[in-house]
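Below: one structure, written as structure tokens.
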Amino acid sequence: MLRLVRHVLLIGYACCAVVIGWGAVSEAHAQDPAITGQILDAETEEPLAGATVALWKETETDSTMVTGDATSPEGTFTIEPSEAGPFTLRISFVGYESQRVEDVPAQSPPHDVGTIRLAPEPTQVDEVEVTAERPTAEIETDRTTYNTSDRAVSAGGSARTVLGTLPSIQVDIDGSISLRGNESVTLQINGEPASLEGESLVSYLQSIPADAVERVEVIPNPSARYEPEGMAGIINIVLSRDLDAGWNGGFMVAGGRDNNADVGGNASANVGYQRGGFNVLASYSIRRDREEDNDARLLEQFNDSGSNRWTDQAATERERDRSQSLNTQLGYRFSDRTSLDLETSLSLRHDSEDGRTRYAEYLGSTNTSDLQDQYVRLTDVTDTDESIDGRLTFNHEFADDHTLRSQMRYDRDFETEDGVYTTYGIENGTRLDTPRGRELDVVNEDEQDGTLEIDYTRPMGALDLEMETGYKGTLRRLDSDQTFDDNETLFTFDEIIHAGYGILRRGLGDFELETGLRAETVNTDFNLSSEEERTEQSYVSFYPSVFLSYSPNERQQARISYSKRVDRPNLWDINPLDDNEDPTFRNEGNPGLDPEYIHSFELTGTQRWDFGSVTATPYVRHTVNEIEDVTREETTDDGRSVIVRRAENLSSSTSYGAEFVVTFNYGPTEGTLSSNVYRAVTDGSNLTTDRSQDAILFSGRANLRAELRDGLQAEINQFYRPGRDIPPEGRIDAFSSTEVALQQSLFSGNGSLTLRVDDLFNDTNVGIWYRDDDVYQQSNFEWGRREVTLSFQYTFGSGDNDGGPDGGGRRR
């Protein structure tokens with residue numbers, strides 16, 4: 001308790017220091033020269049929000065734009081040039097006559113040009129819609145941004161569907177997310193790390209409708225500004241949150257049916273309002289899904305002193321998933337530079353699962369004469385998950401590139417799982433009426449997270465540098481208990497992290513150099529009270545980063561980068577609680593896992609043309625203490641053999657390869673081709689069974705969109721991953737997935753009707769075989785089947801065809 005109080009006091013001291021520093025820099029900055037004013041409608045006297053105010057330096061021989069601003073919801077603006085002037089103001093807004101104000105000085109205190117009234121243009125066009133198409137992929141300095149808001153192949157789906165259609169990203173059929181083949185990736189929502197993990201995270205992504213996803217940012221080698229979690233990088237899902245003045249909203253409904261005749265559907269609605277300094281947005285979504293999964297496994301357990309034991313099992317599992325979520329955003333702008341925002345998210349999920357697994361056990365061979373036992377195990381599991389997330393964010397902009405941001409966040413996730421497992425014997429192919437046994441399993445998990453984050457950025461004009469610094473404190477606690485067969489297991493996990501970072505940037509002509517360092521102190525406490533086992537860890541880590549970019553022009557760009565990152569053991573790796581669904585296979589947590597650290601080097605080159613672009617990224621990644629799942633055989637108290645899967649630290653691994661991304665557009669057609677090929681060398685000689693591996697891996701993805709006629713577009717998405725070997729001896733089969741879609745625009749672009757087919761060729765399955773000193777196993781897994789979905793989407797509001805600050809009409 002005393003340690004927790006100490007950490008809270010440290011956070012309080014950090015807040016006080018930032019507030020005092022803010023006051024000091026605000027006082028110093030108040031002396032900078034500035035120009036202020038207000039823009040109104042000449043007829044209605046209403047403020048014109050989003051009007052463009054450009055500051056020009058004009059001479060007899062030249063005219064150069066110095067800087068500019070867009071007016072606030074109150075129509076006000078503040079421009080802070082680096083010199084005194086005089087300048088010329090050019091004010092413009094779509095649908096209004098432009099104005100010029102000449103000989104304007106920049107002074108301290110600010111020079112106020114007063115109220116400027118723009119008159120509506122005298123001639124009106126009956127109806128003009130300006131559509132600004134954003135490129136599918138945008139290659140930026142430290143990331144690649146994929147604009148996904150109007151992709152037919154994900155319409156009617158979820159955020160998980162969107163991720164599954166993007167280059168470099170793979171969403172496996174079990175829901176795991178990987179970047180360039182590495183599952184150690186951090187997922188963010190609107191720039192904030194997602195607090196959920198495992199199945200809870202997958203279900204949350206399923207609850208976010210695809211139409212709410214505006215873009216996805218892929219950051220493969222993040223700087224010291226970001227938390228070091230996620231060795232493969234960061235995937236940031238940016239949800240739509242911009243509002244035009246007045247009312248806006250929309251809704252989406254979708255329904256689908258798969259080859260098993262299972263029917264599912266989802267719907268979402270959102271409404272927003274902005275007036276003056278206030279803006280509010282609320283969105284609600286609901287989803288219902290049914291799915292059937294099948295798997296088969298043949299297991300041979302070696303016995304040097306006798307006959308080998310064989311287990312042949314086949315399982316069918318039917319799942320019914322129901323989820324709903326409510327998100328709200330409430331914001332207020334005190335001025336055009338200061339804002340306060342409150343965001344909340346409530347997610348509810350209820351899953352039920354009915355499973356049937358048939359077992360046949362043999363001794364010596366799988367011949368009928370060697371059959372020892374036959375039985376069937378029925379599972380009846382219900383799982384509920386309730387999560388709430390709230391964050392309060394304060395932003396203040398002193399001037400261009402001079403900002404302060406602070407945020408407090410709290411989220412809580414409570415999950416319960418009730419399982420009933422009943423076993424019946426089988427004689428002569430018929431299930432007996434009386435069960436052999438029935439097991440009850442009840443699990444409760446309560447996870448809480450609290451964070452305080454402060455970020456400050458300021459240019460240092462005298463040195464031609466930009467400085468960024470910040471602090472983040474995190475308190476995290478998990479309470480978990482399980483009751484299985486009247487045996488109770490209690491498990492608690494506490495984690496406290498204090499982190500601070502500093503970054504310096506400097507432009508050197510066509511070059512830009514950025515160096516950064518992040519320092520963290522981590523304290524963890526693992527307590528398994530039922531076995532009186534307690535593990536405490538405390539360590540300090542440093543995470544440097546260096547970026548050097550070169551941009552001689554808009555069409556060419558190169559970047560070399562280095563960063564150190566970490567992957568701390570997640571709760572699934574250390575949690576000792578078992579799901580108990582399969583008596584022949586068991587997961588075991590490992591509280592003694594050490595974090596794995598990665599050193600990442602990348603060289604990225606991009607060449608753009610009018611018809612597309614090519615990006616090549618060779619990379620090297622060296623990992624220390626790599627975490628991998630390792631299986632072994634154990635004998636239970638009743639003499640039965642069970643395969644145990646447990647996460648272990650391997651000595652190291654090194655992967656080096658290259659990723660290639662090609663974007664192209666030709667007339668009404670555009671697309672993206674991507675591939676990732678690399679060699680992975682793993683040193684697992686530190687384990688009892690050597691898990692060392694040397695493999696060449698590859699994956700590829702293609703996406704193609706074409707406008708068949710006005711308002712009708714088609715899209716196809718294809719992913720392929722060839723088979724690969726697994727240590728010490730085994731192989732995973734190739735995996736392929738194909739999605740196609742047709743989308744028809746309706747109601748002048750405010751609506752759309754989309755027909756989508758997932759898993760077009762009905763081949764979403766994976767085969768695996770594996771052999772070590774103890775066992776040989778052969779498995780085949782099939783998740784779901786081909787599914788056809790029809791969805792309708794419609795948006796409304798005052799911003800649909802208005803001219804906004806981007807100079808366009810309907811935003812796409």
Side-chain angles (χ1 to χ4, degrees), residues 132-138 140 143-171 175 177 179 185-194 196 201-219 233-243 248-254 256 266-272 281-287 289 323-329 343 345 347 389 672 701 703 705 713 715 717 719 739 741 743 751-752 754 756 758 789 791-795 810-812:
E133 288 281 1
R134 296 182 301 177
T136 303
E138 298 179 65
E140 303 178 40
R143 69 195 65 195
T144 300
T145 299
Y146 298 98
N147 298 305
T148 63
S149 57
D150 55 354
R151 296 183 61 142
V153 78
S154 57
S158 64
R160 177 182 172 184
T161 309
V162 173
L163 292 182
T165 65
L166 299 180
S168 308
I169 301 174
Q170 180 186 346
V171 182
I177 301 171
L179 179 62
V185 61
T186 294
L187 189 73
Q188 295 184 346
I189 309 293
N190 287 335
E192 301 294 336
L196 304 177
L201 175 58
V202 173
S203 297
Y204 176 68
L205 293 177
Q206 283 283 90
S207 71
I208 300 176
D211 62 285
V213 180
E214 180 177 293
R215 65 183 186 274
V216 177
E217 299 172 342
V218 178
I219 311 172
I234 296 173
I235 299 173
N236 181 30
I237 300 175
V238 181
L239 304 181
S240 301
R241 55 200 304 181
D242 290 336
L243 294 176
N248 289 265
F251 66 89
M252 186 275 299
V253 292
N266 62 295
S268 64
N270 64 84
V271 63
L281 175 67
S283 62
Y284 173 78
S285 65
I286 185 170
R287 175 177 290 273
D289 278 331
S323 64
Q324 52 185 324
S325 64
L326 174 66
N327 298 275
T328 64
Q329 299 171 17
E343 299 182 37
S345 176
S347 177
D389 186 347
T672 304
R701 186 184 300 278
N703 178 269
R705 291 199 300 172
Q713 69 168 332
E715 185 170 355
N717 187 78
F719 175 82
E739 296 85 33
Q743 186 176 79
S752 64
T754 305
R756 191 183 83 240
D758 294 323
T789 302
S791 63
F792 173 74
Q793 181 177 347
Y794 182 78
T795 60
R810 182 171 55 90
R811 292 180 178 176
R812 296 185 62 180

Spatial distance of atom OG (Ser285) from atom CG (Asn270) [nearest 0.5 Å] = 10.5 Å

Evaluate the criterion side-chain contact (heavy atoms from CB on, under 4.5 Å) for residue pair Thr754 and Gln793; output intermediate values, then yes/no.
-> CA-CA 8 Å; Thr754 305; Gln793 181 177 347; over 6 Å; no

From CD (Glu217) to CD1 (Ile234), nearest 0.5 Å | 10.0 Å

Apply the test side-chain contact (heavy atoms from CB on, under 4.5 Å) to residues Ile189 and Asp389: give CA-CA distance (whole Å), side-chain angles for both, the deciding distance (0.1 Å), then the verdict.
-> CA-CA 12 Å; Ile189 309 293; Asp389 186 347; over 6 Å; no

Atom pair CD (Gln743) and CZ (Arg756), whose distance is rounded to the nearest 0.5 Å | 11.0 Å

Out of curiosity, Ser283 OG to Gln329 CD, how far, rounded to the nearest 0.5 Å?
-> 7.0 Å

Spacing of OG belonging to Ser323 relative to CZ belonging to Arg287, to within rounding of 0.5 Å = 6.5 Å

Do Arg705 and Gln713 come close enough that some side-chain heavy atom pair is under 4.5 Å?
-> yes

Partner of Asn717 under side-chain contact (heavy atoms from CB on, under 4.5 Å), chosen from Leu166, Thr672, Asn703 = Asn703

Applying side-chain contact (heavy atoms from CB on, under 4.5 Å), name anything that partners Phe251, two or more places apart in sequence or on another chain.
-> Ala269, Phe792, Tyr794

Hits for side-chain hydrogen bond (donor to acceptor under 3.5 Å, both in side chains) against Asn327, two or more places apart or cross-chain, chain-then-number order -> Ser345

Say whether, by atom type as modelled, one donor and one acceptor occur between the side chain of Thr148 and the main chain of Val216 under 3.5 angstrom.
-> no

Find the distance between CG (Asn147) and CD (Glu214) and round it off to the nearest 0.5 Å.
-> 7.5 Å

At their closest point, which heavy atom of Ile237 faces which heavy atom of Ala159, and how far apart are they?
-> CD1-CB, 4.4 Å

